[in-house]
Amino acid sequence: MDLAYNHQDIEPKWQKKWEDSHVFKADNNSQKEKKYVLDMFPYPSGAGLHVGHPEGYTATDIYCRYLRMKGYEVIHPMGWDAFGLPAENYAIQIGVHPQKSIADNIVNFTKQIKSLGFSYDWDREINTSDPDYYKWSQWFFLLLYKNDLAYKKKAPVNWCESCKTVLANEQVVDGKCERCKNEVIQKDLEQWFFKVTEYADELLDGLDKLEWSHALKTMQKNWIGKSEGAEIKFQITNFKSQINNKFQIPNIKKIYFATGNDAKLKRVKKILAKIAPDLKVEKVPDYVEVEEDGKDAFENSFKKVIPYKGKYDIPVISMDTAVFFDGEDINPLEPKRSALKNIDESKLSQEEICQKMLDFYKNIAQKNNGQKEFYYEDYWTILYPDGIHQQVKNKRDYVLTREELSKVDIYFPMRSLYYSQVTGKSADQTNEEDYFKEFENVSRALKTLLGLQKINPPTSEEALGIKVFTTRPDTLYGATYMVLAPEHKLVQDSKNQIENFTEVEKYIDITKKKSDLERTDLNKNKTGVELKGLKAINPVNQKELPIYISDYVLASYGTGAIMCVPAHDQRDFEFAQKFNLPIIDVVESERKTKVLIIHGLGSNSNENWFQWLKKELEKNNYEVIVPDMPDSEKPVLKIWLQELEKIVFDFTEEDIIVSHSLGSSAAMNLIQKMNLKINKLFLVAPATEFLFQDKGVRDNIESASTEDNKKFTKEFLSAKIDYKKIESNIHKIYAYFSDDDPYISLNQKKDLAKVLEADYKIFKNKGHFSDTCLELPEIIPDILEKIKAREANGTMVNSEEFDGLDSEKAQIKITKKAKGQLTTQYKIRDWLVSRQRYWGTPIPIVYCQKCGTVPVSEEDLPVLLPEDVKDFRPTGQPPLASSKEFNANVKCPKCGTDAIREHDTMDGFVDNSWYYYRYLDPKNEKEFCAKENIKKYMPIDTYVGGAEHAVGHLIYSRFFTKVLRDNGYLPVDRSLGEGGKFDEPFLKLINQGLILGTDGQKMSKSLGNVINPDEIIQEYGADSFRMYEMFMGPLEDSKPWNIDGIKGLRRFLDKNWKYFSSINYGDDFSDQINSALHKAIKKVTDDIQNFRFNTAISSLMIYFKELSSLDNPNKVLVNSYLIMLSTLAPHICEEIWQKLENSGFICQQEWPKYDEKLIKEDKITLPIQINGKLRATIEVEIDVPENDLKDKILELENVQKFINNEKIKKFIYVKGKIVNIVL
RNA sequence: GCUGGAGUGGCGGAAUUGGUAUACGCGAUGGACUUAAAAUCCAUUGGAGGCAACUCUGUGUGGGUUCGAGUCCCACCUUCAGCACCA
């Protein structure tokens, strides 16, 4: 055997041998139990591998090698997340095509990764930028599209007019473009989204069953951001809706309206004339009224329509007008005919009838197990130019089931087209003015109809008004105004109603220009504009509320509008202060606010204005404490503070301290010492250390005080005060001075007020606020002044019949009264997947003149990314628009006419949301992955990667997996019992920590502290490198790189090499070393299973130290050890294994087992404590009984010494652990 | 501001979950080998005191629970990460 350990020979040699023998190949047909261990695949950047990458890879590699030895079929693949911006930016900079640069980078990465000896199954390598791969990314897009989970909508983006491009948030600096310094605007652009929000609740609940770190789970929880609350609608007074939106109608030129009712026709025509003047609306010429004779007629007509749907591909539109049951009309607008006919409707408002109807309806649905829903249907068809029509009408007693409804393309309620929700009358009887009041509903329905989009049926409650979401419906009586997001639809819709619209528009413009940073940076400084001319009505007390717009309300959360309760919400409070809006308390604390009054030198509780103030405040329900301070003629600060601490120990941020003269100094010392956090501090003629900075004042004190006074005052005031701390602990400080105060100069007043940021008042002729000052009325409003919102729960006040109720209990009751609904809101947004970039997966959509947005059919996938794009620079057009190849010969998959391709590509996160499925079947041309392979290997048992993907990749992947589940692509999971489907891709997830630079900072090019692994592997070898990275500390922690550390591990391997070069298998064996071996096996096995490699290594070192004292060690002692070590340092162990003339690969050996009996020691060193301090130890049998032990211990010299003839109170003996003698 | 982590020698970090604090490694100091250096081997290494046996002290700070606390509870300080007007 060679004397020198030469890693440069050994490592490549074994890497080749492993590869040639396919030892790490995962067999899809294996009968062994599987383990899927996955690393987050890297983006192959030009910079190459960085010491952070191999940390996670080494951990999984050790774990996989262990699992294989344990007899599992381990799948452990590697691939490339190759699409992404850096390659494209590189292309812009250097001019190398991304295809080329990525291919080069992959070669380099592969070389680097392979040099570390990882046990990947390279046959499964994937590359997301490979057409064979992204074909299936496109397939996923179509899957989502089919499920209504992919949609296109306008979204605001940062747009630079001069560069003609979308900018990322980081590229916007001070509201200006980073490059050209032009102003950046918020522009609405059509973007593709994935509806992650649909699964928000499930993504949240699913977290519970995952073995992820607590930190990561809470991160996802926060990101999803569920909050429970209520949706409440505020009606708007004097609102006249304006028609100011003209819709683009791309592919419908004429509509036939099938009706016998001329009033309806007239109404529709009128609306369409305004929103789509070019569209022709006609009555179906050969229209025949269908008899109103019940179910059969409707069903027949319904059936007649369906074939047309297939034949001409006509969208069939169904409209709900009322709810029916068993032939009984329960249309609330026609109550006489309804199921509610026995209710005396004359006493009920329309809304109340609606509520009754809804309850009635829910009741029925419940009786039917929710299976059936009941709709009364009117029926429409719309026709393409010169197309065919069919129409069914007015089947008043038909019960339409959900299945039937599903045959219809578009469904939406359109009651308002027929019945006015304002007047309750039918179309024929409603005058035009009333009916335009409902324009909102009607035009929306028509817009949907003409745009051929599916929408959710609006609820019957959704008439005019502002809907808000609130988590505090209990505070509804305290709402004093409303705020809309500047982007709120109502603002534009009520343009003509708003008297100050120019001002409003200006504000909207300004907020559009604000970058996100600006919007949040200035978040204390609230801005906004009132919408003059509009008022909202509080649904519980009918009070009129002003409406504002402000950018502190986000359009993208909740309903984009809020009710504002300044008394109980800090943000609303700040806004209300600024705009002078009323603040009404509706939730009161159960505890009285406390006020402590501290008197000054030589004074007491009865003097001056204190008792007066006490009485005044008690009238206002405050609890006032005025203590007599001890020895007030000769005050000692320490003693005062002791007294005061007893009083303020339970003070909260609600409470107040009023202090006078020397008492102010005591108050500040008290606050500082106790770190007391209170609401307000009043400093009345405060005597502080400032006093002595002015000679004039010093003289004044000299002359006015007795000798005793002087001495004590000086002492009292000499304590240092940390004004900054006091200022930060108190919400507001008030300072009162008098112009003729003999002790305090004007300068001090200013200095003190400034340093404390206090509100200060200067009174006339109040002296030192002592003898002459009997009352101080000015203090009352300051004490009563509200300076922050009280957000806690409590008891209801000012809330009519709810007064006295617990605020939490009032939530549901008040919501009910407001006719609101309990709802849930999420912070998570739909996932914007469009990128106006080249290097990504093309979105498989075409736009057809006739058919609109059409998905590319599956058999035409992949839509290839063209190679003839030369210029990647953003020009306003996405790069794909400039490709000839890409845009030639595009036909509509539906009608075959010319069409235009979607030019945006997809976010790279789409590609990597499903890659772990592709590994299971990387070459499959028919499916993204064969079902049986999913069944064999999913879900992933262990997933290791960086925490930076906590909320992106990990949420999106979970989302994709849930979509697959809902579409039947996931097989039953054995571990979840019969019929159980797995729907979480990553059961256990481990985030490796960062490896920091030697300076303890994050590695970055600019800091020049990046460590290149190549050189280190070159010098010390992959085995040393792997072991060092694992030995640095817990995998999940961040820790700095230290080159000296690796030397220690190299030293350890050198010692191993040297030792195993010098020995032969022999007979050296003892119970002691055998016990050590079994201990090591147990520890290493446990540690590897729990990814605690640092301690595994340390126990191997400890064992090796013992082993290496044997000249001819027993074979088991050596081989068990080598097998364990080989997971960490595979190359050197293979080499030693071979040199010791063992057969086969060490990586294919069986993992050693341990015997619990051999680990147990019969003798231990028992520590002996006296009064909890270690005083002696004793060698004993492990389970020696107390009786045998006690005397022995008491005889020990050191024990005797410490007991020192004292009585033993207690003798505690924990078997096998410790003895503690209590004296 | 909110949420979640983390604070242990000169450094990276251990501590069987409440039972001898500082395992293992690095560094440092002393010694051996060497003409010398490197490498290697041996010894020492939390702080203070003592010739020594040994004693006191010590896990961010201050309290508490316990026979016993790095570990549990309360408050605070520092630090890292994520979110950030989410109604």
Enquirer: Show me the dot-bracket string of RNA chain B, counting Watson-Crick or G-U pairs under 3.5 Å, with | for pairs to another strand and [ ] for crossing ones.
Expert: (((((((..(((......[....)))((((((.......))))))((((....))))..(((((..]....))))))))))))....
Enquirer: B:rC2 and B:rG12: how far apart are their P atoms, nearest whole angstrom?
Expert: 30 Å
Enquirer: Please report the distance separating the C1' of B:rU71 from the corresponding atom of B:rA15, rounded so that it comes out in whole Å.
Expert: 10 Å
Enquirer: Given atom CZ of A:Phe469 and atom C1' of B:rC85, what is their separation to the nearest angstrom?
Expert: 15 Å
Enquirer: Report all side-chain donor-acceptor pairs from residues 946-953 of chain A shorter than 3.5 Å, counting only partners two or more places apart or in another chain.
Expert:
| from | atom 1 | to | atom 2 | distance (Å) |
| --- | --- | --- | --- | --- |
| A:His953 | ND1 | A:Asn912 | O | 3.3 |
| A:His953 | ND1 | A:Asn912 | OD1 | 3.2 |
| A:His953 | ND1 | A:Ser957 | OG | 3.4 |
| A:His953 | NE2 | A:Tyr943 | OH | 2.7 |

Enquirer: Is it true that the side chains of A:Glu1179 and A:Thr1165 contain a donor and an acceptor less than 3.5 Å apart?
Expert: yes
Enquirer: Could you tell me the separation between the CG atom of A:Leu476 and the P atom of B:rA87, rounded to a whole number of Å?
Expert: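 About 17 Å, once rounded to whole Å.
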Enquirer: Determine, stepwise, if the pair A:Lys1173 / A:Asn1171 fulfils side chain to side chain contact (heavy atoms under 4.5 Å, CB included).
Expert: CA-CA 6 Å; A:Lys1173 283 182 181 166; A:Asn1171 281 340; 5.8 Å; no
Enquirer: Between A:Met219 and A:Gln825, just flag the one whose closest nucleotide in RNA chain B comes earlier from the 5' side.
Expert: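 In this pair, the answer is A:Met219.
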Enquirer: Quantified in whole Å, what is the P atom distance between nucleotide B:rG63 and nucleotide B:rG27?
Expert: 40 Å
Enquirer: Expressed in angstrom and rounded to an integer, what is the separation of A:Asp1086 atom CG from B:rA14 atom P?
Expert: 16 Å
Enquirer: Side-chain N or O of A:Asn1094 versus OP1/OP2 of B:rG25: is the shortest distance under 4.0 Å?
Expert: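 No, because none of the side-chain N or O atoms of A:Asn1094 sits under 4.0 Å from OP1 or OP2 of B:rG25.
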Enquirer: B:rC26 phosphate, OP1 or OP2: any side-chain N/O from A:Arg1050 under 4.0 angstrom?
Expert: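 No.
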Enquirer: Please measure how far the C1' atom in B:rU35 lies from the corresponding atom in B:rC26, and state the result in whole Å.
Expert: 31 Å
Enquirer: Would B:rU16 be called syn or anti, given that syn covers angles within 90° of 0?
Expert: anti
Enquirer: Are the charged groups of A:Asp1037 and A:Lys1039 less than 4.0 angstrom apart, N to O?
Expert: no
Enquirer: Would you measure the distance from the C1' atom in B:rA38 across to the matching atom in B:rG47 and give it in whole Å?
Expert: 34 Å
Enquirer: Just to be sure I understand the geometry, which residues of residues 1037-1048 of chain A put a non-hydrogen atom under 4.0 Å away from RNA chain B?
Expert: A:Ser1038, A:Lys1039, A:Asp1044, A:Gly1048
Enquirer: Give every pair of a protein N or O atom and an N or O atom of nucleotides 1-9 of chain B that lie under 3.5 Å apart, one pair per line with the distance.
Expert:
| from | atom 1 | to | atom 2 | distance (Å) |
| --- | --- | --- | --- | --- |
| B:rU3 | O2' | A:Asn222 | ND2 | 3.3 |
| B:rG4 | O3' | A:His214 | NE2 | 3.3 |
| B:rG5 | OP1 | A:His214 | NE2 | 3.3 |

Enquirer: Give me each pair satisfying side-chain hydrogen bond (donor to acceptor under 3.5 Å, both in side chains) with a member in residues 220-230 of chain A, each pair once, sequence neighbours excluded.
Expert: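 Qualifying pairs, neighbours excluded: A:Asp201-A:Lys226, A:Gln220-A:Arg958, A:Ser227-A:Tyr557.
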Enquirer: When rounded to the nearest Å, what value does the distance between C1' atoms of B:rU22 and B:rG58 take?
Expert: 11 Å
Enquirer: So, using salt bridge (Lys or Arg N to Asp or Glu O under 4.0 Å) as the criterion, who are the partners of A:Lys217 when residues are at least two apart?
Expert: none
Enquirer: For A:Leu1049 and B:rC26, what is the distance between atoms CG and C1' respectively, to the nearest whole Å?
Expert: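 The distance from CG of A:Leu1049 to C1' of B:rC26 comes to 10 Å, rounded to the nearest Å.
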Enquirer: With RNA chain B as reference, determine whether A:Lys1201 or A:Asp569 sits nearer its 5' end, using the nearest nucleotide of each.
Expert: A:Lys1201
Enquirer: Base, sugar-phosphate, or nothing for A:Lys827, non-hydrogen atoms under 4.0 angstrom?
Expert: base
Enquirer: Going through the distances and angles, do A:Tyr1020 and A:Phe1025 end up as a ring-ring contact (aromatic ring centres under 6.0 Å, His included)?
Expert: CA-CA 7 Å; A:Tyr1020 296 96; A:Phe1025 181 88; 9.7 Å; no
Enquirer: Would you mind classifying the nucleic acid contact of A:Asp572 as base, sugar-phosphate or nothing, using non-hydrogen atoms under 4.0 angstrom?
Expert: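 The answer is nothing, as A:Asp572 stays clear of every strand by at least 4.0 Å.
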Enquirer: Quantified in whole Å, what is the P atom distance between nucleotide B:rG13 and nucleotide B:rU17?
Expert: 24 Å
Enquirer: So, using salt bridge (Lys or Arg N to Asp or Glu O under 4.0 Å) as the criterion, who are the partners of A:Asp572 when residues are at least two apart?
Expert: none
Enquirer: A:Asp551 side chain: which of B:rU20, B:rU57, B:rC85 is closest?
Expert: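 Nearest nucleotide to the side chain: B:rC85.
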Enquirer: Which part of the nucleic acid does A:Lys1105 contact within heavy-atom distance under 4.0 Å: base, sugar-phosphate only, or nothing?
Expert: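 Result for A:Lys1105 = sugar-phosphate.
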Enquirer: Within the 3.5 Å criterion, strictly below it, is a donor on A:Thr197 or A:Arg829 matched to an acceptor on the partner's side chain?
Expert: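 Per modelled atom types, A:Thr197 and A:Arg829 side chains form no pair under 3.5 Å.
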Enquirer: Under a 4.0 Å heavy-atom cut-off, which of residues 1212-1223 of chain A touch RNA chain B?
Expert: A:Ile1212, A:Val1214, A:Lys1217, A:Ile1218, A:Asn1220, A:Val1222
Enquirer: In whole angstrom, what separates A:Tyr1028's OH from B:rG25's C1'?
Expert: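 Checked: the OH to C1' distance equals 10 Å.
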Enquirer: Return the value, rounded to whole Å, for the distance between atom CG of A:Asn1056 and atom P of B:rG25.
Expert: 12 Å
Enquirer: Can you measure A:Leu954 atom CG to B:rG82 atom P for me and round it to whole angstrom units?
Expert: 15 Å
Enquirer: Has A:Ser550 got a side-chain atom pairing as donor or acceptor with A:Thr527's backbone, closer than 3.5 angstrom?
Expert: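 Yes, the answer is positive, given that a donor and an acceptor are paired below the 3.5 Å cut-off.
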Enquirer: Scan nucleotides 28-34 of chain B nucleotide by nucleotide, 5' to 3', and note B when protein non-hydrogen atoms come under 4.0 Å of the base, S if they reach only the sugar-phosphate, - if neither.
Expert: -------
Enquirer: Can you name the one residue among A:Phe575, A:Phe573, A:Phe579 that meets ring-ring contact (aromatic ring centres under 6.0 Å, His included) with A:Tyr481?
Expert: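 Going through the options one by one, the only one that passes is A:Phe575.
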Enquirer: Using atom CG of A:Asn1198 as one end and atom P of B:rC56 as the other, report the distance to the nearest whole Å.
Expert: 10 Å
Enquirer: Which nucleotide, B:rA14, B:rU57, B:rA87, lies nearest any side-chain atom of A:Ser227?
Expert: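 For the A:Ser227 side chain, the nearest candidate turns out to be B:rA87.
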Enquirer: Decide, yes or no, whether a salt bridge links A:Lys1058 with A:Asp1054 under the criterion of side-chain N to carboxylate O below 4.0 Å.
Expert: no
Enquirer: Which residues pass the salt bridge (Lys or Arg N to Asp or Glu O under 4.0 Å) test with A:Asp1155, sequence neighbours left out?
Expert: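 Scan of A:Asp1155 (salt bridge (Lys or Arg N to Asp or Glu O under 4.0 Å), adjacent residues dropped) gives none.
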Enquirer: Is the shortest side-chain N to carboxylate O distance from A:Glu653 to A:Lys677 below 4.0 Å?
Expert: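 Answer for the salt bridge query: no.
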Enquirer: Could you go through nucleotides 37-41 of chain B and list every protein N or O atom that sits under 3.5 Å from one of its N or O atoms, giving the distance for each pair?
Expert:
| from | atom 1 | to | atom 2 | distance (Å) |
| --- | --- | --- | --- | --- |
| B:rU40 | OP1 | A:Arg1051 | NE | 3.2 |

Enquirer: I need a per-nucleotide contact map over nucleotides 69-79 of chain B, read 5' to 3'. Cutoff is protein heavy atoms under 4.0 Å; write B for the base, S for backbone only, - otherwise.
Expert: -------S---
Enquirer: With a 4.0 Å cut-off on heavy atoms, is A:Lys217 in touch with a base, just the backbone sugar-phosphate, or nothing at all?
Expert: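 Result for A:Lys217 = nothing.
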Enquirer: Hey, is B:rG9 sitting syn or anti, using the within-90° cutoff around 0?
Expert: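 Nucleotide B:rG9 adopts syn.
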Enquirer: Could you measure the distance from the CG atom of A:Leu1107 to the CZ atom of A:Phe1104? Nearest 0.5 Å is fine.
Expert: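 Reported value, rounded in 0.5 Å steps: 6.5 Å.
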Enquirer: With a 3.5 Å cut-off and heavy atoms only, can you find an N or O donor on one side and an acceptor on the other between the side chain of A:Lys1209 and the base of B:rC67?
Expert: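 Answer no: no donor N or O sits under 3.5 Å from an acceptor.
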Enquirer: In whole Å, measure the gap between the C1' atoms of B:rC56 and B:rG4 for me.
Expert: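 The answer is 40 Å between these two C1' atoms.
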